[in-house]
K.L.:
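Got a structure here, written out as structure tokens. Questions coming.
Quick note: numbers below take in every heavy atom, side chains included, and nothing from hydrogens, waters or symmetry partners. Position 1 is the first residue of the sequence, and the numbers go up from there.
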Amino acid sequence: MLKYVTFFLCLILLISGCKKNETIKNATTAGSYSNLQDFYNESGAQSEYFSFDALSGGKFTSTKGTIIMIPPDIFMDGNAMAFGNLTLEFKDIYQKSDMLFSNMATNGIRGPLKSAGEFFIKVSKGGRAMGMRENIPIKIVQPGSGKIQDSGMNAFGLQPGKGWFSDSINRRMTLFDSNNLYIFSLYSFDSPLSSGTWCNSDNSQYFSNYKQTDIKIHLQDSLELSDESVFIFFFV
């Protein structure tokens, strides 16, 4: 039975299927966690909150430099137009370490994706999550890395239980690059609205130019795990 998951500085092995009654110890920080989700909640990217009026919209900048542009009068409270003060919850992730500790690795159907940044977004009023009107997007301006623009970047969304997917057919989200910035347009939130929406700017073909290596892991115990993830960092 798995009792502890130890987080090393040079090699990090995370198994995300442990049971709720198992205790997870962190070797680098004090404290213990009843499950991995508690660890992710504490160690991963933290939410920022912004208030705005539903009729006027707003423009906000996160502490990491992401710009969120919300058009006026685009939110739905059920079948009615939303009004009054709304709250925007927002997270943005650019570093690999934040992706790891937030349990938001960028893995596609055919392998890893090269990410230019992930973000989480949710709009609510009094605890009720809001929907969006059709054809009027929220624009998210990601600052990029300061390097040469990657023309292979596309808009991806997170499908629960299935990973990241490119929504090039339904055009629910699009990506445009300009002057070393990635401009992400989001036309609708995921369902259920209460869970919020994760998006990602990715190049799904980038790693196809590199040699692929298979790593086989043989478990020595009869662990009842599911949805395992293993992360190995190589330092050169």
Side-chain angles (χ1 to χ4, degrees), residues 37-38 40-42 44-94 98-99 102-104 106 108 115-143 153-178 181-202:
Q37 189 57 52
D38 285 348
Y40 294 136
N41 291 340
E42 180 176 320
Q46 300 300 305
S47 293
E48 297 181 62
Y49 296 90
F50 306 91
S51 296
F52 65 97
D53 184 79
L55 294 179
S56 58
K59 180 178 179 181
F60 311 98
T61 302
S62 76
T63 57
K64 296 178 182 177
T66 306
I67 300 173
I68 308 105
M69 295 184 291
I70 299 178
D73 201 21
I74 67 166
F75 295 106
M76 301 292 296
D77 188 354
N79 295 323
M81 293 300 301
F83 63 93
N85 192 62
L86 303 182
T87 299
L88 165 67
E89 179 183 0
F90 190 80
K91 300 180 188 179
D92 45 358
I93 299 176
Y94 294 101
D98 286 338
M99 294 178 186
S102 301
N103 194 27
M104 293 302 298
T106 54
S115 175
E118 307 174 47
F119 66 87
F120 169 88
I121 187 169
K122 179 180 177 181
V123 174
S124 60
K125 177 181 179 180
R128 300 189 312 277
M130 301 289 102
M132 292 176 60
R133 294 171 56 188
E134 295 182 355
N135 302 321
I136 306 176
I138 295 173
K139 291 188 181 294
I140 311 294
V141 183
Q142 298 172 306
M153 288 288 169
N154 288 299
F156 278 71
L158 183 62
Q159 189 171 7
K162 296 184 179 180
W164 295 101
F165 69 98
S166 176
D167 194 14
S168 59
I169 297 177
N170 297 323
R171 307 295 285 179
R172 193 173 62 88
M173 54 189 72
T174 60
L175 187 70
F176 175 74
D177 57 271
S178 174
L181 298 173
Y182 296 103
I183 304 174
F184 197 111
S185 296
L186 179 64
Y187 288 83
S188 65
F189 293 139
D190 287 338
S191 180
L193 296 173
S194 58
S195 297
T197 299
W198 276 100
C199 299
N200 200 349
S201 298
D202 285 303

K.L.:
Listed by chain and number, what are the side-chain hydrogen bond (donor to acceptor under 3.5 Å, both in side chains) partners of S51, not counting sequence neighbours?
P.N.:
none
K.L.:
Side chains of S62 and F60, heavy atoms from C-beta outward: is any pair under 4.5 Å?
P.N.:
no
K.L.:
Just verifying a value: how many Å separate M173 CE and F165 CZ, rounded to the nearest 0.5 Å?
P.N.:
5.0 Å
K.L.:
What heavy-atom pair brings M130 and A82 nearest, and what distance separates the two atoms?
P.N.:
SD-CB, 3.8 Å
K.L.:
So do K64 and D98 actually touch side chain to side chain, heavy atoms under 4.5 Å?
P.N.:
yes
K.L.:
Check whether K122 reaches the backbone of S194 with its side chain - one donor and one acceptor, N or O, closer than 3.5 Å.
P.N.:
yes
K.L.:
Less than 4.5 Å apart, side chain to side chain, heavy atoms only: is that true for R133 and D73?
P.N.:
yes
K.L.:
Hey, is the main chain of G117 close enough, under 3.5 Å, to the side chain of S115 for a donor-acceptor pair?
P.N.:
yes
K.L.:
Looking only at heavy atoms, what is the nearest atom pair of M69 and K59, with distance?
P.N.:
CG-CG, 4.0 Å
K.L.:
Has the side chain of E89 got a donor or acceptor atom that lies under 3.5 Å from a matching backbone atom of F50?
P.N.:
no
K.L.:
When rounded to the nearest 0.5 angstrom, what is the spacing between CD1 in I67 and CG in D92?
P.N.:
11.5 Å
K.L.:
Kindly give the heavy-atom pair with the smallest separation between M99 and Y94, and that separation in Å.
P.N.:
CE-O, 4.1 Å
K.L.:
To check you understand the geometry: which heavy-atom pair defines the closest contact between A45 and I93, and what is its length?
P.N.:
CB-CG1, 3.7 Å
K.L.:
Not counting sequence neighbours, which residues clear side-chain hydrogen bond (donor to acceptor under 3.5 Å, both in side chains) with D202? List them please.
P.N.:
N200
K.L.:
Between the side chain of E48 and the main-chain N/O of T63, is any donor-acceptor distance below 3.5 Å?
P.N.:
yes
K.L.:
Strictly by modelled atom types, are N154 and S166 linked by a side-chain donor-acceptor pair under 3.5 Å?
P.N.:
no
K.L.:
Is any side-chain heavy atom of I74 closer than 4.5 Å to a side-chain heavy atom of I138?
P.N.:
yes
K.L.:
Within 45 degrees of the axis of the six-membered ring of F83 and under 6.0 Å from its centre: does K125 put its NZ or CZ there?
P.N.:
yes
K.L.:
Just so I know, are the side chains of M104 and L158 near enough to count as touching, which here means a heavy-atom distance under 4.5 Å?
P.N.:
yes
K.L.:
Is there any ring-ring contact (aromatic ring centres under 6.0 Å, His included) pair reaching into residues 116-140, and which pairs are they, with sequence neighbours excluded?
P.N.:
F90-F119, F119-F184, F120-W198
K.L.:
For side chain to side chain contact (heavy atoms under 4.5 Å, CB included), just list the numbers for M132 and V123, CA-CA rounded to whole Å, side-chain angles, deciding distance to a tenth of an Å, and then say yes or no.
P.N.:
CA-CA 9 Å; M132 292 176 60; V123 174; over 6 Å; no
K.L.:
Hey, could you give me the CD1/CG distance between I140 and L181, rounded to the nearest 0.5 Å?
P.N.:
13.0 Å
K.L.:
Looking only at non-hydrogen atoms, find the nearest pair between S102 and Y40 and report the distance.
P.N.:
C-CD2, 4.1 Å
K.L.:
Side chains of S124 and L86: closer than 4.5 Å at any heavy-atom pair?
P.N.:
no
K.L.:
Within this structure, what is the CZ-OG distance for the pair R172 and S188, rounded to the nearest 0.5 Å?
P.N.:
4.0 Å
K.L.:
Can you tell me how far apart CD1 (I121) and OG (S47) are? Round to the nearest 0.5 Å.
P.N.:
11.5 Å
K.L.:
How many angstroms lie between CG in N41 and CG in N103, if you round to the nearest 0.5 Å?
P.N.:
10.0 Å
K.L.:
Do you know the tightest heavy-atom contact between T87 and F52?
P.N.:
C-CE2, 4.4 Å
K.L.:
Measuring only between side-chain heavy atoms, which start at C-beta, is L186 closer than 4.5 Å to C199?
P.N.:
yes
K.L.:
M81 versus M76: any side-chain heavy-atom pair under 4.5 Å?
P.N.:
yes
K.L.:
Between Y187 and T174, is a side chain to side chain contact (heavy atoms under 4.5 Å, CB included) present by the stated rule, with each step listed?
P.N.:
CA-CA 9 Å; Y187 288 83; T174 60; 4.1 Å; yes
K.L.:
Could you check whether the rings of F189 and F75 sit parallel, tilted or perpendicular, using 30° and 60° as the cut-offs?
P.N.:
parallel
